[in-house]
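Down below is the structure, laid out as structure tokens.
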Protein chains: 2
Amino acid sequence: MPSKTPSENDFLQSYDPRGFDPVAVTVDVVALTIRDGRLHVLLVRRGEPPYIGQWALPGGFVRNEDLEEAAARELAEETGLVPGDLDRVHLEQLGSYGRPGRDPRMRVVTVAYLAFAPWLPDPKAGSDAAAAEWTPIAETRQLAFDHDRILDDGLERARSKLEYTPLATRFVGDEFTISDLRAVYEVVWGEQLHAGNFHRKVLSVPGFVESTGASTERGGPRGGPRARLYRRGDARQLHPALLRPSREDEIR
Amino acid sequence: MPSKTPSENDFLQSYDPRGFDPVAVTVDVVALTIRDGRLHVLLVRRGEPPYIGQWALPGGFVRNEDLEEAAARELAEETGLVPGDLDRVHLEQLGSYGRPGRDPRMRVVTVAYLAFAPWLPDPKAGSDAAAAEWTPIAETRQLAFDHDRILDDGLERARSKLEYTPLATRFVGDEFTISDLRAVYEVVWGEQLHAGNFHRKVLSVPGFVESTGASTERGGPRGGPRARLYRRGDARQLHPALLRPSREDEIR
DNA sequence: TATGTTCTTCTCATGCCGAGTAAGACTCCA
DNA sequence: TGGAGTCTTACTCGGCATGAGAAGAACATA
């Protein structure tokens, strides 16, 4: 048998945690929803040092469960979701953050998840209602740890995913109008879209939406005809994609 | 002060690793390069149980360093790269895998990274040459742990990134021809591309490549005129993107 | 009823894309 | 040396997606 190399020794030692500084693994969740026409993120106010009194992303220690299960559990605990509701929530892994010193107490590697839902209950029962809140994105300031960076990465992921997946349909109800869908894009992307072109585009992408045949009972609150209602289609990717206008500055 | 909720207690306890089963954090690297016109991945042969004798992705325990540093270190150790070489290697986080039981010995959460380089030295000095090898993608079989899944995710990420980033220029040398670049796309995507359209497309994307003014000294090995040489441009995103043909089956 | 808003469809000019063609430069082999 | 085959580069053509604008009909509110 060949003698073990330094890197192999490291690998073997890695299974004996006493050989190294202890590491904790947590999950943090960037949970997004749209309320009152604005994009909101779920934040909790810290009741202990460090960063006491500051807002942070909800999260916690990983138990004997898969990482995604841990994220779903944390989200459910903070929002009071019941298991059935979770089917309506889109959850995906965002990335991991493990810079030494990101938590002053000990080494903590966190796996961040991104969650979307059309509505989510107010934080309540099962959680500390006074310490968790839906906050408009524009009003978030100075989160604890490196959560500002995680939130930024989550927002960019969300904006990008609207382009080539039917994710926007997760922000609306079971039946929705094309304008409802357009409102999602406008809120998340933060820009106005051309109503006519958006309409044409959505209907032309196969599997994005399917017609219910029905229409809304009334026109819009400020006038306009009744709009046709649609359901989510079966596409998992949008082809061709709905690209954001004006990203020229991000290209280089 | 409000009483602490269960989830907050969990969070606090998370900083006392004695309160929970110990967790190890590793990094694993999906290192890709092109050799002899085929896509290769760096694999190591395991010399210890479990999965003794099977091939696995290179990886190891995270020390007192950032996650990306750990991945770069592991890659350098296996390939004998010197620090200067690392500038030429593209490294990005792929995702984290933490299913309980993925390692039979204890709970291990791994953060996977994806690495690309135009050439990488054969595994040697500083590593166990007999136990690490560049393997053609088509010949990889039954990797240890959940590394098959990680490799698949890495390949899909690489294929996807070629579409909308200038990543392909990381697989070629400093000066290259359009055909060199096309060969990268063909090898990674596993399909033939239309030479004329590819040429037009690459030159029309702003910042993808820039001309050096020079040409190759000779024609191709089987004939053809001398080709013009190009350098990497300054674009970070390709706009418009070079989309893969025939993904129709993946859309739904 | 009058006015303004919104949904939906259309038109038009522009530009990208896949497929095919072609000229010329080059290598290899007989 | 000559011919066959290869490859780079450029061009054309039809189809399709896109952005901008316009228009008609349906609806709410005053």
Side-chain angles (χ1 to χ4, degrees), chain A residues 37 163-164 172 175-186 189 191-230 235 237-248 251, chain B residues 37 163-164 172 175-186 189 191-206 208-230 237-248 251:
Chain A
E163 293 188 326
Y164 57 92
V172 293
E175 298 201 338
F176 52 88
T177 68
I178 301 294
S179 292
D180 293 337
L181 204 56
R182 178 162 49 86
V184 171
Y185 278 89
E186 291 181 336
W189 283 351
E191 35 191 337
Q192 296 267 102
L193 300 178
H194 184 293
N197 290 342
F198 183 85
H199 203 98
R200 174 184 60 190
K201 183 84 208 210
V202 168
L203 295 186
S204 76
V205 174
F208 192 4
V209 299
E210 59 183 32
S211 177
T212 66
S215 293
T216 53
E217 294 288 323
R218 293 177 44 89
R222 289 187 302 188
R226 300 175 184 178
R228 272 179 277 214
L229 289 169
Y230 294 86
Q237 304 265 328
L238 301 186
H239 195 73
L242 276 108
L243 298 179
R244 275 176 277 189
S246 67
R247 305 182 302 162
E248 296 309 320
I251 291 179
Chain B
E163 293 188 327
Y164 58 93
V172 294
E175 297 200 341
F176 52 88
T177 68
I178 302 294
S179 293
D180 293 338
L181 204 56
R182 180 162 48 85
V184 171
Y185 277 89
E186 290 181 338
W189 283 352
E191 34 192 338
Q192 298 266 101
L193 300 178
H194 184 292
N197 290 341
F198 183 84
H199 203 98
R200 174 183 59 188
K201 184 85 206 208
V202 167
L203 295 186
S204 76
V205 174
F208 192 3
V209 300
E210 60 184 32
S211 177
T212 67
S215 293
T216 53
E217 293 288 323
R218 293 177 45 88
R222 289 187 301 186
R226 299 177 184 176
R228 273 176 275 209
L229 289 169
Y230 295 85
Q237 303 266 328
L238 302 186
H239 194 72
L242 277 107
L243 297 179
R244 274 176 278 188
S246 68
R247 303 183 303 160
E248 296 309 322
I251 291 178

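Within every chain, numbering begins at 1; the chains are lettered A, B, ... in the order of the sequence lines, protein sequences first and strands thereafter.
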Sugar-phosphate or base contact per nucleotide [nucleotides 11-21 of chain D; S, B, -; heavy atom under 4.0 Å] | -B----SBBBB

Verdict with supporting geometry, A:Leu242 and A:Phe208, side-chain contact (heavy atoms from CB on, under 4.5 Å) = CA-CA 11 Å; A:Leu242 276 108; A:Phe208 192 4; 3.8 Å; yes

So where does chain A start and stop touching DNA chain C, 5' to 3', when the test is distance under 4.0 Å to a non-hydrogen atom?
->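 Going 5' to 3' along DNA chain C, contacts run C:dG4 to C:dT11.
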
Measure the spacing between OG of B:Ser179 and CG of B:Leu193 and express it to the nearest 0.5 Å.
-> 11.5 Å

Say you draw a straight line from NE2 of B:His199 to OG1 of B:Thr177; how long is it, rounded to the nearest 0.5 Å?
->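 These two atoms lie 9.0 Å from each other.
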
If you look at every heavy atom in [X] and [Y], which pair is closest and at what distance?
X        : Y        : value
B:Pro245 : B:Glu191 : O-OE2, 3.5 Å
A:Ser211 : A:Gly213 : OG-N, 3.1 Å
B:Ala241 : B:Glu163 : CB-O, 3.4 Å
A:His239 : B:Leu243 : CE1-CD1, 4.5 Å

Taken in chain and number order and not counting sequence neighbours, the residues that satisfy side chain to side chain donor-acceptor pair (under 3.5 Å) with A:Thr216 are none

Using the test side chain to side chain donor-acceptor pair (under 3.5 Å), find all partners of B:Arg226 that sit at least two apart in sequence or belong to another chain.
->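 For B:Arg226 there are no side chain to side chain donor-acceptor pair (under 3.5 Å) partners, ignoring immediate neighbours.
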
On DNA chain C, check which nucleotide each of A:Tyr230 and B:Glu217 is closest to and give me the residue with the more 5' one.
-> A:Tyr230

Whole Å only: how far is the CZ atom of A:Arg228 from the P atom of D:dA25?
-> 15 Å

Can you tell me if the side-chain N/O atoms of B:His199 get under 4.0 Å from OP1 or OP2 in D:dT9?
->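 It does, given that an N or O in the side chain of B:His199 lies less than 4.0 Å from OP1 or OP2 of D:dT9.
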
Name the nucleic acid region contacted by B:Thr177, choosing base, sugar-phosphate or nothing; use a 4.0 angstrom heavy-atom cut-off, strictly under.
->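 No contact at all - B:Thr177 keeps every heavy atom at 4.0 Å or more from the nucleic acid.
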
Who pairs with B:Phe198 by ring-ring contact (aromatic ring centres under 6.0 Å, His included), at least two apart in sequence or on another chain?
->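 B:Tyr185.
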
Among residues 218-227 of chain B, which residues get a heavy atom nearer than 4.0 Å to DNA chain C?
-> B:Arg218, B:Gly219, B:Gly220, B:Pro221, B:Gly223, B:Gly224, B:Pro225, B:Arg226

